[in-house]
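Quick note: residue numbers are just sequence positions, from 1.
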Amino acid sequence: MDLATLLAERDISGLVTRYAKALDDADWKAFHGLFAEQVAIDTSGLRGVPPSVMDRDAWVARVRGTVEQFERVLHYSTNHVVEIDGDRGACHSHAQNVHDYLLDGETRHFVVHGRYTHEVRRTPQGWRISAVRLAFVMREGEPPPAPHA
């Protein structure tokens, strides 16, 4: 393996790690900076929301609205396997996402275990996430009630 490939693997893995950190820190500016202008999203296994393509502003707003309903979140990202094909690539990883929320004055826990695939592409600004897929493996607890429209 050549040095350029090793550096690209490190950069892509770091991008996915920063994804988790930005969520935990509620750092929406940093989170926004991780994405390409258009992002394909598939987290359909949790609440049945169909896969979609949206601009990064809409994606960040959607994630922010979800994360901010929780008192605390902690996202683990492990077992990174990076694939690179020219200016495109993917990082496959395992996730454990811990969420605490209040319901009827009691702290509830909702934990999601799954497998992420972050598709990436190289841009003039560096590697950016162009697709996020989260395949749910199991969960513990119940998610908070869906907000009323």
Side-chain angles (χ1 to χ4, degrees), residues 4-101 108-149:
T5 302
L6 286 171
L7 292 173
E9 284 185 358
R10 182 209 58 191
D11 292 347
I12 293 167
S13 181
L15 187 68
V16 172
T17 301
R18 289 191 307 278
Y19 176 98
K21 183 178 183 335
L23 289 172
D24 293 344
D25 294 345
D27 186 343
W28 305 115
K29 181 177 179 183
F31 192 71
H32 184 275
L34 301 173
F35 295 94
E37 292 180 25
Q38 294 288 309
V39 187
I41 306 300
D42 184 358
T43 58
S44 56
L46 183 60
R47 286 201 178 174
V49 176
S52 62
V53 175
M54 60 184 70
D55 68 47
R56 72 177 155 220
D57 292 338
W59 169 239
V60 171
R62 178 172 140 186
V63 172
R64 183 177 185 166
T66 299
V67 169
E68 288 183 345
Q69 68 184 320
F70 297 104
E71 294 293 309
R72 287 174 298 278
V73 296
L74 188 58
H75 294 79
Y76 296 92
S77 180
T78 67
N79 301 17
H80 291 194
V81 175
V82 176
E83 300 170 347
I84 301 171
D85 184 10
D87 288 338
R88 298 207 173 265
C91 181
H92 307 279
S93 62
H94 292 177
Q96 180 183 38
N97 303 332
V98 180
H99 312 83
D100 285 353
Y101 63 96
R108 306 287 175 101
H109 306 285
F110 175 56
V111 183
V112 172
H113 305 269
R115 294 184 185 98
Y116 268 112
T117 298
H118 289 88
E119 293 180 17
V120 298
R121 64 181 176 86
R122 192 186 325 252
T123 72
Q125 297 77 35
W127 292 97
R128 295 294 181 262
I129 299 169
S130 58
V132 177
R133 281 191 311 276
L134 178 56
F136 294 96
V137 175
M138 67 181 118
R139 69 185 200 186
E140 300 170 43
E142 292 297 321
H148 299 295

Applying side-chain contact (heavy atoms from CB on, under 4.5 Å), name anything that partners [X], two or more places apart in sequence or on another chain.
X      : result
Arg10  : Leu7
Gln125 : Thr123, Arg128
Gln96  : Tyr76, Val98, Val111, His113
Pro51  : Asp42, Ser44

CA sep, side-chain torsions, deciding dist, call: Arg108, Glu142, side chain to side chain contact (heavy atoms under 4.5 Å, CB included): CA-CA 8 Å; Arg108 306 287 175 101; Glu142 292 297 321; over 6 Å; no
Contacts of [X] that satisfy side chain to side chain donor-acceptor pair (under 3.5 Å) - sequence neighbours left out:
X     : result
Ser52 : none
His92 : Glu83, Thr117
Ser77 : His80
Asp11 : none

So do the side chains of [X] and [Y] get within less than 4.5 Å of each other, counting heavy atoms only?
X      : Y      : value
Ile84  : Thr5   : yes
Tyr19  : His118 : yes
Leu15  : Leu34  : yes
Trp28  : Leu23  : yes
Glu140 : His109 : no
Leu134 : Arg115 : no
Tyr116 : Val16  : no

So, for [X] and [Y], which heavy atoms are closest and what is the spacing to 0.1 Å?
X      : Y     : value
Trp127 : Gly86 : CH2-O, 3.8 Å
Ile12  : Cys91 : CG2-CB, 3.9 Å
Val60  : His32 : CG2-CA, 3.7 Å

Which value, rounded to the nearest 0.5 Å, describes the distance between Ser93 atom OG and Asn79 atom CG?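 Rounded to the nearest 0.5 Å, the OG-CG separation comes out at 8.5 Å.
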Could you give the distance from CE (Met54) to CD1 (Ile41), rounded to the nearest 0.5 Å?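 Rounded to the nearest 0.5 Å, the CE-CD1 separation comes out at 6.0 Å.
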Once ring-ring contact (aromatic ring centres under 6.0 Å, His included) is applied, do any residues pair with Phe110, and if so which ones, sequence neighbours excluded?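 Phe110 satisfies ring-ring contact (aromatic ring centres under 6.0 Å, His included) with His99 once adjacent residues are dropped.
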I need the full list of salt bridge (Lys or Arg N to Asp or Glu O under 4.0 Å) pairs touching residues 23-36, with sequence neighbours left out, sorted by first then second residue.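 Pairs touching residues 23-36 that pass the test: Lys21-Asp25.
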Could you name each residue pair satisfying salt bridge (Lys or Arg N to Asp or Glu O under 4.0 Å) that touches residues 84-94, not counting sequence neighbours?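 Sorted result for residues 84-94: Asp87-Arg122.
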Do side-chain atoms of [X] reach the backbone of [Y] as a donor and acceptor pair under 3.5 angstrom?
X     : Y     : result
Glu68 : Gly65 : no
Thr17 : Ser13 : yes
Arg18 : Gly14 : yes

With sequence neighbours left out, what residues match Asp55 under salt bridge (charged side-chain N to carboxylate O under 4.0 Å, His left out)?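 Asp55: no salt bridge (charged side-chain N to carboxylate O under 4.0 Å, His left out) contacts found.
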Look at the aromatic rings of Phe31 and Trp59 and report parallel, tilted or perpendicular, splitting at 30° and 60°.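 Phe31 vs Trp59 ring planes: tilted.
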